[in-house]
There are 2 protein chains.
Amino acid sequence: MIRMKDIAAKLELSQTTVSHVLTGKHAHYRISPATVARVRTMADKLGYRSSALARAFRDRKSYSMALAVEDLTNPFWTGVAIGAEREAEKEGYTLVVANTSGNAERERRTVQLLQERRVDGLIVSPVTVADQALVDLRRDGLPFVQIDRSIKGEDIPCVRTDHVTGSALAVDHLLRRGRREIAFVGGPVEIQTFQLRLAGFRKAMARHGLKPAAVELIEPTSKAAQEAVRGILSRKPRPTAIYTANIWITLGALRAVRDARLSIPGHLEVVGFDDIAEADLLAYPLTTVAQDVEAIGRESFRLLLRVMRGQKVPREVLLPPRLVVR
Amino acid sequence: MIRMKDIAAKLELSQTTVSHVLTGKHAHYRISPATVARVRTMADKLGYRSSALARAFRDRKSYSMALAVEDLTNPFWTGVAIGAEREAEKEGYTLVVANTSGNAERERRTVQLLQERRVDGLIVSPVTVADQALVDLRRDGLPFVQIDRSIKGEDIPCVRTDHVTGSALAVDHLLRRGRREIAFVGGPVEIQTFQLRLAGFRKAMARHGLKPAAVELIEPTSKAAQEAVRGILSRKPRPTAIYTANIWITLGALRAVRDARLSIPGHLEVVGFDDIAEADLLAYPLTTVAQDVEAIGRESFRLLLRVMRGQKVPREVLLPPRLVVR
DNA sequence: TCGAGTTAGTATGCTGTTAAAGTGAAGTTC
DNA sequence: GAACTTCACTTTAACAGCATACTAACTCGA
């Protein structure tokens, strides 16, 4: 790899002069136009690539941020990543996307790795509400914000969709359509996302004097949901609607409906959290509570920047969900 | 941030000794067990995180690789990224995933950025068959391999699905089902992926003495495909099958079929390249040519490692496609 | 007391940035 | 015209955190 030193040697200049030119500070240091041209030409000719590594080392600032999320096969997280990446690029930062696999131990390792990489800031989606790795992180002083959910008892800003309102949208929609026996299928409440969606569901039901027809908390996978919904569908009386709190659960529910040879909306209705790009092509009309995923990514990056600059930040940024009726 | 120096100062040891301990070389340098313990305890207590930045700088090796792909909303690329990431982690590397947006200029910038970050190697999916950025990259000596497609005239290894065979699978399937009037809808041939899929399609048809019912090359988006397929469906006679060369095109085609109120397989059949996780829930039975996306990621990472180690590498690694009949 | 075996320290370099200093020529002052 | 200043341009030196080759000091038994 070509270094500044090499360019300097070739031109019999000091490395400093080369630096002045290549960082565009030649005006400030009054480097002669001839020298500027010579340096630039030589840099080009040798294919010089400045070392962001060396610069980061010197500046004690890597100009990179990290986004640690749990499942990049989930379009929610992909969308968030794209939103954050776009904003990062605009601000001159590199975004490193890392995987926690929704696993506390892996999250701990990932966060440590990112600290070692000296990322300037971190956007992270806590695996559980009691996430020691993040409490430690705070102690270490690495600026970070949370996304989609937050840990308990620490005052760390969080960007997420208003899950409670999202659930209300789902429930109100179903009630408007005359469905009053509504079952909830969600993930574990250790994950705040599900906790809030469930709370919102209960609250919306209660507001109408209704009780959930069923509440199932399972692993948020299609398979587990398929199983759980199979159970729900075999109940007598059968619920007239199911509210599924996550995309995988929604897909599992639809599979269970198919397996039971029931029809939507004839036998029951399904409303799911998270929109599905191919929803219009599904065999079943599926209403969803859609989140503005890229906005979540974008806003969390912006929030992180504010945190890093020591500006005042809100404790929570809630983005409104949107009901997509089909 | 705590440095080795800080630990050394606290313990009244030299930085060297601390380094010896923390890099696990205390046996080799015969550091006394007591000292080892003291150093470790202090490192722990202070929350020391070694600077991968400083190490990378010193070693002139960042232990990071990059994967540059064009569209992370496409499950193909997400899958590839996950496969590569998994393998990278196994080998002690960090994988940086970068976006080229399928745009030559952005690709050039991305590659340059990655070079500046001093990634040790690069896995890249060339935007076009004549990709100057990659020819330059080769000159710079950065080890890299190609994924899914390759540039012309350079002898750079490439990992991809056997697109030609994939097309043959699709055609043979349709012919077995008695469909002989098959239309092809694909992306621009500047992208080798589509070029090969089209070539495979033509070859398979020719082998049976058939001519394509239509060949449409469009932007690989659902919208463009919907439009193009609308045209195809209004032809007289109407093709009895459509082979769509990419996931977005497939979805667009299905939308066009829906808009035309045609049925599958009654009026026509659709076979698409790339599998869709929710395919079983779609309103139309959809047969697909599935790729082992994670294997592509995994194998390309392995190949890259071999390149970096100067081992002999095949020019091409072809992974077999698999027909998923629905 | 010599040397082997232990244990720890000194010095150096990796690349880029920047404050501070230097150089040589032209201009100014007494 | 000698001494000083100014200006335009460039260099010197130090530093960021870690790894390691080399060096040093100390202990102990022969």
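- The phosphate of D:dT11 has OP1 or OP2 within less than 4.0 Å of a side-chain N or O from A:Ser14.
- Each of A:Leu13 and A:Arg30 was assigned the nucleotide of DNA chain D with the nearest heavy atom; the assignment lying further toward the 5' end belongs to A:Arg30.
- Contacts of B:Ile31 with the nucleic acid, taken as non-hydrogen atoms under 4.0 Å apart, involve only primed sugar atoms and P, OP1 or OP2.
- In this entry the distance linking CD of B:Glu12 with C1' of C:dA8 reads 14 Å, nearest Å.
- Proximity of B:Arg3 to the phosphate of D:dG17: a side-chain N or O atom is located under 4.0 Å from OP1 or OP2.
- Note on A:Arg55: only backbone sugar-phosphate atoms sit closer than 4.0 angstrom, heavy atoms only; bases stay farther off.
- Within 4.0 Å (heavy atoms only), B:Ser19 reaches at least one base atom of the nucleic acid.
- In this structure, A:Thr16 reaches the bases: a heavy-atom distance under 4.0 Å links it to at least one base atom across the strands shown.
- Residue B:Arg60 is classed as a sugar-phosphate contact, given heavy-atom separations below 4.0 Å to backbone atoms only.
- With rounding to whole Å, A:His28 atom NE2 is found 8 Å from C:dA19 atom P.
- Between A:Tyr29 and A:His20, the ring planes lie parallel to each other; the angle is under 30°, not in the 30° to 60° tilted range.
- Considering only side-chain N and O atoms, B:Thr17 lies nowhere under 4.0 angstrom from the phosphate OP1 or OP2 of C:dA8.
- Phosphate contact (OP1/OP2 of D:dT20, side-chain N/O of B:Lys25, threshold under 4.0 Å): present.
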Before you tell me yes or no, could you show the steps for B:Thr193 and B:Arg149 under side chain to side chain donor-acceptor pair (under 3.5 Å), namely the whole-Å CA-CA distance, both residues' side-chain angles and the distance that decides it to 0.1 Å?
CA-CA 6 Å; B:Thr193 316; B:Arg149 43 189 104 144; 3.0 Å; yes
